[in-house]
Amino acid sequence: MATLNSKIPEGDISQKWTNYKAHQRLVNPANKRKLDVIVVGTGLAGASASASLAEMGFNVKAFCYQDSPRRAHSIAAQGGINAAKNYQNDGDSVYRLFYDTIKGGDYRAREANVHRLAEVSNSIIDQCVAQGVPFAREYGGLLDNRSFGGAQVSRTFYARGQTGQQLLLGAYSALMRQVNKKKVTLFTRHEMLNLVMVDGKARGIIARDMVTGKLTRHFAHAVVIASGGYGNAFFLSTNAMGSNGSAAWQIYKKGAYFANPAYVQIHPTCIPVHGSFQSKLTLMSESLRNDGRIWVPRKKEDAEAIRAGKLKPTQLAEEDRDYYLERRYPAFGNLVPRDVASRAAKERCDAGYGVGSGLAVYLDFADAINRLGKDVVEARYGNLFQMYEKIVDDNPYETPMMIYPAIHYTMGGIWVDYELMTTIPGLYAIGEANFSDHGANRLGASALMQGLADGYFVLPYTIQNYLSDEILTPRMTTKEKEFEEAENEITGKIDKLMNINGKMSVDSFHKKFGLQLWDFVGMARNKEGLEKALASFKELKESFWKDIKIPGKKDELNPELEKAGRVADFIEIGELMAKDALMREESCGGHFREEHQTEEGEAKRNDKDFMFVGAWEYKGEGQEPALHKEVLEYENIQVAQRNYKK
Amino acid sequence: MDLTLKIWRQENAKAKGKFETYKVKDISPDSSFLEMLDVLNQQLIEDNVAVPVCFDHDCREGICGMCGLYINGRPHGPDTAVTTCQLHMRKFNDGDTIVIEPWRAKPFPIIKDLVVDRSAFDKIIEAGGYVSVNTGGIPDANAIPIPKKDADISMDAAACIGCGACVASCKNASAMLFVAAKVSQFAHLPQGKVEAKDRVKNMIAKMDELGFGNCTNTGACEAECPKEISLTHIAKLNREFFAAKIL
Amino acid sequence: MSNIFSFSVGKKLIMSLMGLFLIAFLVVHLGINLTLIFCDTTDNFNIAANFMGTNIVVKVMEITLFGGFFLHIIYGLILSIQNMIARPVNYKVANNSQTSFFSKYMFHTAVIIGIFLVLHLFDFYIKAKFLHGAESVIINGEEMHDLGALVIERFQILWVDIVYIVALLGLAFHLHHGFQSAFQTIGLNHPVYTPIVKGLGLAYTILVPLGFILIPVIIYIQHS
């Protein structure tokens, strides 16, 4: 079995990044002008990387499927971004952020990467403030912080409930500044459909102009994938409708390893599903758990009465309510990590205590309103309450909100080494697209931190270590046979899709597949279910290529064709998720195997056999993928069972 | 609920468009407007009547700014402070006829059906909607205290999602609210003051060049803005402009 | 960089400053006109009109006034044409957003006022000044046009009064939006003062045109 070289620098953990930067190779300014970099995706990671690389002097080609880089789904992140500033004087430090992230990730993340993340977290806040991001402030004019799940300090910076939006617009404006300077060429409404490799190195991409349907070839000395996660495989998720795993999946098929696909995050505070026509789930910031208390009725008959509409939650006496998170986890209470909170909600609902349709629990602000006053609650969460009211038509100031977990984020992704390079030379993956720094579970407000860390402060350094060898590589014309072949591959795939001529719409197929994925590879998994899923996915895949119907033409704006290509990939991603989940005979973070739990129903890890990153190598159509293990070594943290009780 | 839809269909940018009438049945009042259109498209595909209706959308939670339909004479429809994706069918009545049109403005050419090209907004931002700082070498975030009041006003302006409803609703197809939101966001922060003069001039010049109309302080933009951005930001833009040109 | 008037916002500045100047002028104009109904003779009116026609400072102001009208109209036209071009294809369902109603009809009311202005200038200003349309009168030893008599004569004709009233209603509608809009355009928008400005604007919009309208009404009633 091939061993993965994660290229972790030597030295003490706190010195690794400093040492790396001190000794890496750089590209001089005159040579930077001769080098091109393609960045696929313009979310936090992609936009910040594109802007930073262009500022340094590289020529960047940035791609996004939306009509503008500003629409990338990072924009929907609400709660905040972590940094180890210790502005609140509550004992925070780089080490503590590092520790919390490793622990929150259930000891399945790479120490060196996470420490680097914690180190650069502070620079991100400085950078964003300088860009004019209007973070929340105290009356004294200094930055305000809030606390978030999985931490005992207040280290989360925020801009109302729109932190992701503000950070993305900051990165977007930096990107547009470089577009103005002609250092970035922007390709909007373009979707990457294939990777071009020349002599084993990434050299370009094939993209489809979504307006004309034309396939276009693009050369670069290095390619960066920043296309986000694959959570939309489930159909119902908090991802944007267009979010997809296709760029990541194409590079997987070209030889980049896919790591930990089973690690998906279920976010505990989403608005519950209310009908079969529903197209997506809406998340409400985890910050709500700062002041909101989660509960279900203590008695089953009360729960039944509420579901039947005979009883109102506000009529239930205090002693008839079960604040189950506070009961089970006294130390962290409502602020336990996301995976723990989600599973606890599922446990109560499965046991028959759910409200609403039965798949919902209450998030109650009555205490907070009594304690702080309605004004303060409104100032903190007003926009979230308003959003909830618009969707559900219920006033959360008067009656408790209903919430239920939903697929939100994928910790798994393309395997990368310390330099964020995939197993293909010259091909990088950043942000949610890589398997990243979150291990088996991501803490709240850490996705923004990681995306921007990768884009602003990590990749712009590490990519030079590779590009310094490329200064003599001339630009290609894209008429080379490798480009030709990569394009033909896609033309063939599109023609095949257009010619299926079945009866089923892509959406209805995706719904069917997504439901199975949720049932068998969702919040709780077991061997039997996963095997069943694998068999079923095989059938679904065959059915997809027989039964799908794509109206319209291929050389025009055709959302059905776009969706079909993405769903074809989602089925295969789902298959790999199930395989990974089946392989991992333990419960850790977002991956919960029912066979592996403590008597109290908590996740039970198996560190002896599974303290590794599972990276899958594509072996060809119809072949079993090969598993490669990157063993995780913890030198700076005492590995322990996660405990949020004390 | 059962509805009659009159939808603008246009095959591509050059084609001549026209309204087509469709009927949808059994729509849940709890579904969003776009989910209602999903149902229509599903029906069009299954019944093989026509190619599905193209419309822009992405996050479906009211923040990306990609969706935008002109519904019964109002951008984003009859509800206030929402995007089209957050407009719910309970705002309509059973049996209603709903007319759905694309944003109409010269700088927003139609790409297909209800999809328009809003890259003009990107061009305006490109002209100056940023603080010119490179990555790295930045002083500590708390080095410059900013009064909470200023930060809050800046955030009010920064909430703009760039959906274009302001242009769509304006009788003059003016982009002043969009431009003002960005200018005002930076004008209220010390970081933005350094290049405030160039920013406001460049952004307004670009807005004019792209062919947007002129603001007549009618207030339709403010009324339709899903993020409720106030006309006070336009006044701020005006002040910034005069400060740049006259003072 | 190009000059301020090449920017849309620069053109609008001119529109609003000239608008505010015209608003101030109307108050003076109304003050003079009101002497016709509040004084027993037309002497005060004639003295004031004569002063306005001969005083050197006022002469300069007069040029400014005509310049103001001219710029207000020219820039108004340019901006309006640009606005029409900005939306080449109209909506099927006209916009029904919550807006300031009169602001939608600024161009229409401007046309009404414009037509009236031509008639009005011809009737009084040009006739008196160049066509010897007014008799002479000697007040306090000074010979001057008896404009007061001319006004009273004209206002006894019903259709003149009707045209006058319609035009002033147009003016009222124009000012209803224009008054507060001018403040917004020059950047004066404040949470405390803007409501006051809007209140003042409304008062002005009602009182000033009403004042103007009262004059022909009273004259007509008195003489019929």
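These numbers come from a predicted model, not from an experiment. Keep in mind that the numbers below use all heavy atoms, side chains included, and drop hydrogens, waters and symmetry copies. So that the names make sense, note that chain A is the first sequence line, chain B the second, and so on, each numbered from 1.
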### Task
Heavy-atom distances under 4.5 Å only: say whether C/Lys12 touches chain B with side chain, backbone, both or neither.
side chain
### Query
Taking all atoms of both residues into account, what is the closest heavy-atom pair of B/Asp208 and C/Ser6, and its distance?
OD2-O, 4.2 Å
### Message
Report which part of B/Cys221 has an atom under 4.5 Å of a heavy atom belonging to chain C: side chain, backbone, both, or neither.
### Response
neither
## Note on the structure
Whatever's closer than 4.5 Å to a heavy atom in chain C on B/Tyr70 counts as side chain
### Task
Examine whether an atom of B/Ala168 lies under 4.5 Å from a heavy atom of chain C, and if so say whether it belongs to the side chain, the backbone or both; otherwise answer neither.
both
### Message
Test side chain to side chain contact (heavy atoms under 4.5 Å, CB included) on C/Leu13 and B/Ile246; report intermediate values, then the result.
### Response
CA-CA 11 Å; C/Leu13 174 70; B/Ile246 299 169; 3.9 Å; yes
### C/Lys92 charged N/C atom sitting above B/Phe19 aromatic ring, 6.0 Å / 45°
yes
### Query
Of all heavy-atom pairs between B/Arg104 and C/Val89, which one has the smallest distance, and what is that distance?
CD-O, 3.3 Å
#### Entry: Shortest non-hydrogen contact between B/Phe241 and C/Val9, atoms and distance
CD2-CG1, 3.6 Å
### For C/Asn96 against B/Arg74, the heavy-atom pair lying closest together
OD1-CG, 2.7 Å
### Task
May I have the step-by-step check of side-chain hydrogen bond (donor to acceptor under 3.5 Å, both in side chains) for C/Ser103 and B/Asn217, ending in yes or no?
CA-CA 7 Å; C/Ser103 68; B/Asn217 305 324; over 6 Å; no
### Query
Which heavy atom of C/Gln184 sits nearest a heavy atom of B/Ile234, and at what distance?
NE2-CB, 3.6 Å
### Query
With chain C, which of B/Lys236, B/Lys6, B/Glu209, B/Lys106 has the greatest number of heavy-atom pairs at distances under 4.5 Å?
B/Lys106
#### Entry: Option that, when pairs with chain C are counted at under 4.5 Å, heavy atom only, ranks first among B/Val167, B/Ile204, B/Leu237
B/Ile204
## Note on the structure
When every non-hydrogen atom of C/Gly187 is compared with those of B/Arg239, the smallest separation belongs to O-NH1, 2.5 Å
### Query
Most heavy-atom pairs under 4.5 angstrom with chain C, which of B/Ser169, B/Gly211, B/Pro107?
B/Ser169
